[in-house]
Amino acid sequence: MAGATPESTNADFWDGDIKWITPADFKTKDVFVTGGSRNLTIEGYKSCSTSMLPIGSIVFSKRAPIGTVAITADKLCTNQGCLGLVEKNGRVLNKFYFYVISIYGEVFNLYGSGTTFKEISANTFANIKLPMPPIQEQKRIVGFLDAKCAEIDALTADIQTQTDILEQYKSSVITEAVTRGLNPDVEMKDSGTPWCPLIPIHWKYANPKALFTQRLDRAYPGDKQLTASQEYGVIYQDEYMELTGTKIVTVMKDFSILKHVEPNDFVISMRSFQGGLEYSERRGSISSAYVMLIPNNEYVYPPFYRWFFKSSKYINAIQSTSNLVRDGQAMRYANFVQVPLFIIPLDEQKQISEYLDEKVRKIDELLKSKNNQLEILAEYKKSLIYEYVTGKKEVPENA
């Protein structure tokens with residue numbers, strides 16, 4: 001069954017009692033979907049060609065992305081990005097085909113077409129051949145896979161919890177070090193700023209303008225174009241493409257709309273500020289959608305502020321100066337100077353930076369190991385499902 005969307009501007013069609021979902025509502029690893037972020041009224045349901053799916057139906061995402069699958073845990077309808085699959089002849093066990101579809105994503109994507117985004121049509125989907133063992137065998141396979149997948153999912157959840165704890169610990173280590181220093185017995189004093197109420201007694205309150213000025217230089221001839229990401233920092237665009245296979249920005253020929261960056265500059269994204277300021281170790285040019293900050297070497301040891309600007313307290317403080325998250329307002333130098341900073345002895349900044357370099361490196365190694373374990377479990381689960389739903393392996397008699 002196909003889905004549809006009522007007219008979005010008609011208030012009479014929305015916020016009723018009829019559950020309605022889009023592919024975004026089941027982009028999870030959950031087996032079941034109970035509803036979406038919006039409901040329809042009776043008028044909204046009747047105004048379009050969506051269909052009501054009974055409990056236990058399969059919902060398949062045919063675009064953005066292709067291949068996500070879930071089973072309905074309540075009666076609901078969908079938008080046009082979904083296909084609803086309803087068992088009708090007693091020869092199909094929906095949970096079996098949930099497993100089948102969950103591991104056929106690459107196949108479905110091959111059949112997708114489109115320029116803006118790929119989509120697989122209902123007719124194309126209907127003509128793809130899928131395994132179909134006898135119903136009793138489907139039941140045995142489902143019973144076996146339910147038990148095995150539950151074991152894998154429990155182990156995955158445990159490792160994910162460990163990963164979350166490590167991420168929280170990493171954040172607290174950074175914030176504690178850059179706002180309190182490394183001496184746990186140091187005397188503290190009122191900082192004079194609400195975002196970080198207490199600081200070591202020998203630190204001083206400072207206007208950010210004393211520590212960082214704004215770089216306004218336009219791109220220089222011969223500058224290689226840079227980009228910035230929270231994962232990789234400030235890097236050359238061709239490096240980003242090598243790392244991810246994607247370019248963030250098209251290389252521009254008009255240098256008048258690019259800005260110059262020097263090593264040790266800090267970069268603020270005006271459009272998507274979320275994870276702190278990025279530190280540049282490179283000379284080049286960058287999009288005008290960034291603000292560049294030049295450190296005052298009398299007060300600033302740049303590697304220290306590389307950590308400072310990634311602390312959760314600071315990020316929350318600078319985000320509070322803008323409605324960026326709510327309405328897309330840009331983050332500017334005027335926002336940056338609203339959050340007071342501190343004058344910290346340069347030798348202490350260096351000690352803290354070196355401590356965090358080593359401490360965070362060890363935490364990141366543990367995180368990498370945990371994430372590798374999660375990837376291995378995900379691949380094992382996928383291969384296990386594939387082997388049994390395709391008949392490569394048979395369910396043991398005593399399973």
Side-chain angles (χ1 to χ4, degrees), residues 1-2 19 21 23 25-35 51-62 65-76 78 82-112 120 122-161 373-399:
M1 295 185 180
K19 294 183 176 183
I21 63 171
D25 295 313
F26 56 101
K27 284 184 180 178
T28 68
K29 295 180 181 178
D30 295 336
V31 174
F32 298 99
V33 58
T34 57
S51 302
M52 190 64 68
L53 299 175
I55 295 173
S57 303
I58 293 177
V59 183
F60 172 81
S61 170
K62 62 178 186 169
I66 295 174
T68 306
V69 63
I71 297 175
T72 61
D74 203 347
K75 291 195 300 182
L76 52 79
T78 75
C82 305
L83 289 175
L85 313 179
V86 181
E87 190 280 324
K88 63 180 182 179
N89 58 17
R91 297 172 57 200
V92 169
L93 188 65
N94 278 350
K95 186 64 177 294
F96 175 80
Y97 281 96
F98 165 83
Y99 280 126
V100 171
I101 293 171
S102 73
I103 53 95
Y104 268 71
E106 293 179 2
V107 174
F108 298 133
N109 268 283
L110 288 174
Y111 285 94
I120 184 170
N123 185 59
T124 299
F125 177 83
N127 283 287
I128 295 175
K129 296 185 183 299
L130 299 176
M132 189 175 177
I135 188 69
Q136 291 303 319
E137 191 170 348
Q138 291 180 40
K139 291 178 180 178
R140 286 199 305 273
I141 293 170
V142 166
F144 176 79
L145 289 177
D146 280 351
K148 289 295 183 182
C149 289
E151 293 174 5
I152 297 170
D153 291 344
L155 185 55
T156 298
D158 182 54
I159 295 172
Q160 185 60 60
T161 298
Q373 291 175 40
L374 291 173
E375 290 176 5
I376 290 169
L377 283 171
E379 284 302 313
Y380 172 63
K381 180 178 177 180
K382 184 177 179 179
S383 65
L384 182 77
I385 293 170
Y386 175 80
E387 287 173 341
Y388 286 93
V389 301
T390 59
K392 303 290 184 184
K393 287 186 177 180
E394 293 185 2
V395 177
E397 290 293 333
N398 58 351

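Every value quoted in this text rests on a predicted model; they were computed, and no experiment measured them. Basis for what follows: all heavy atoms, side chains included, without hydrogens, waters or symmetry-related copies.
Applying the side chain to side chain contact (heavy atoms under 4.5 Å, CB included) test to L110 and every residue at least two apart in sequence or in another chain returns nothing. Applying the salt bridge (Lys or Arg N to Asp or Glu O under 4.0 Å) test to K393 and every residue at least two apart in sequence or in another chain returns E387. Shown here are the ring-ring contact (aromatic ring centres under 6.0 Å, His included) partners of F60, two or more places apart in sequence or in another chain: F108, F125. Residues that satisfy the side chain to side chain contact (heavy atoms under 4.5 Å, CB included) test with K27, not counting sequence neighbours, are P65.
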Evaluate the criterion side chain to side chain contact (heavy atoms under 4.5 Å, CB included) for residue pair V69 and Y104; output intermediate values, then yes/no.
CA-CA 10 Å; V69 63; Y104 268 71; over 6 Å; no
Would you please test K75 and I55 for side chain to side chain contact (heavy atoms under 4.5 Å, CB included) and show each step?
CA-CA 5 Å; K75 291 195 300 182; I55 295 173; 4.2 Å; yes
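Nearest heavy-atom pair across S102 and I385 is OG-CD1, 4.2 Å. Looking at every heavy atom in both residues, F98 comes nearest to I71 through CB-CD1, 3.8 Å. Between Y388 and E394, the shortest heavy-atom distance links the atoms CE2-O, 3.4 Å. The two atoms that bring T78 and L76 nearest to each other are CG2-CD1, 4.3 Å, heavy atoms only. In this structure, K62 and C82 approach most closely via the heavy-atom pair CG-N, 4.3 Å. Between A122 and L83, the shortest heavy-atom distance links the atoms CB-CD2, 3.6 Å.
Taken from NZ in K19 to CG in D74, the straight-line distance is 4.0 Å, to the nearest 0.5 Å. For the atom pair OG1 of T68 and CZ of F26, the computed distance is 6.0 Å after rounding to the nearest 0.5 Å. Atom CG in L130 sits 11.5 Å away from atom OG1 in T390 (nearest 0.5 Å).
Judged by distance alone, with hydrogens and angles left aside, the side-chain atoms of S57 form no donor-acceptor pair with the main-chain N or O of G84 at under 3.5 Å. Checked by atom type and distance alone, the side chain of Q138 pairs as donor or acceptor with a backbone atom of L93 at under 3.5 Å. S61 places no side-chain N or O within donor-acceptor distance of the main-chain N or O of I66, the cut-off being under 3.5 Å. Of the possible donor and acceptor atoms, one in the side chain of Y97 sits under 3.5 Å from a partner among the backbone N and O of P131.
V59 places none of its side-chain heavy atoms less than 4.5 Å from the side chain of D25. Within the 4.5 Å cutoff, no side-chain heavy atoms of F96 are placed close to those of V92. Looking at heavy atoms from C-beta onward, T72 lies out of side-chain contact with I21 at the 4.5 angstrom threshold.
A side chain to side chain donor-acceptor pair (under 3.5 Å) check over residues 374-383, counting only residues at least two apart or in different chains, returns the pairs D153-K381. Sorted by first and then second residue, the side chain to side chain donor-acceptor pair (under 3.5 Å) pairs with a member in residues 85-95 read K95-D146; sequence neighbours excluded.
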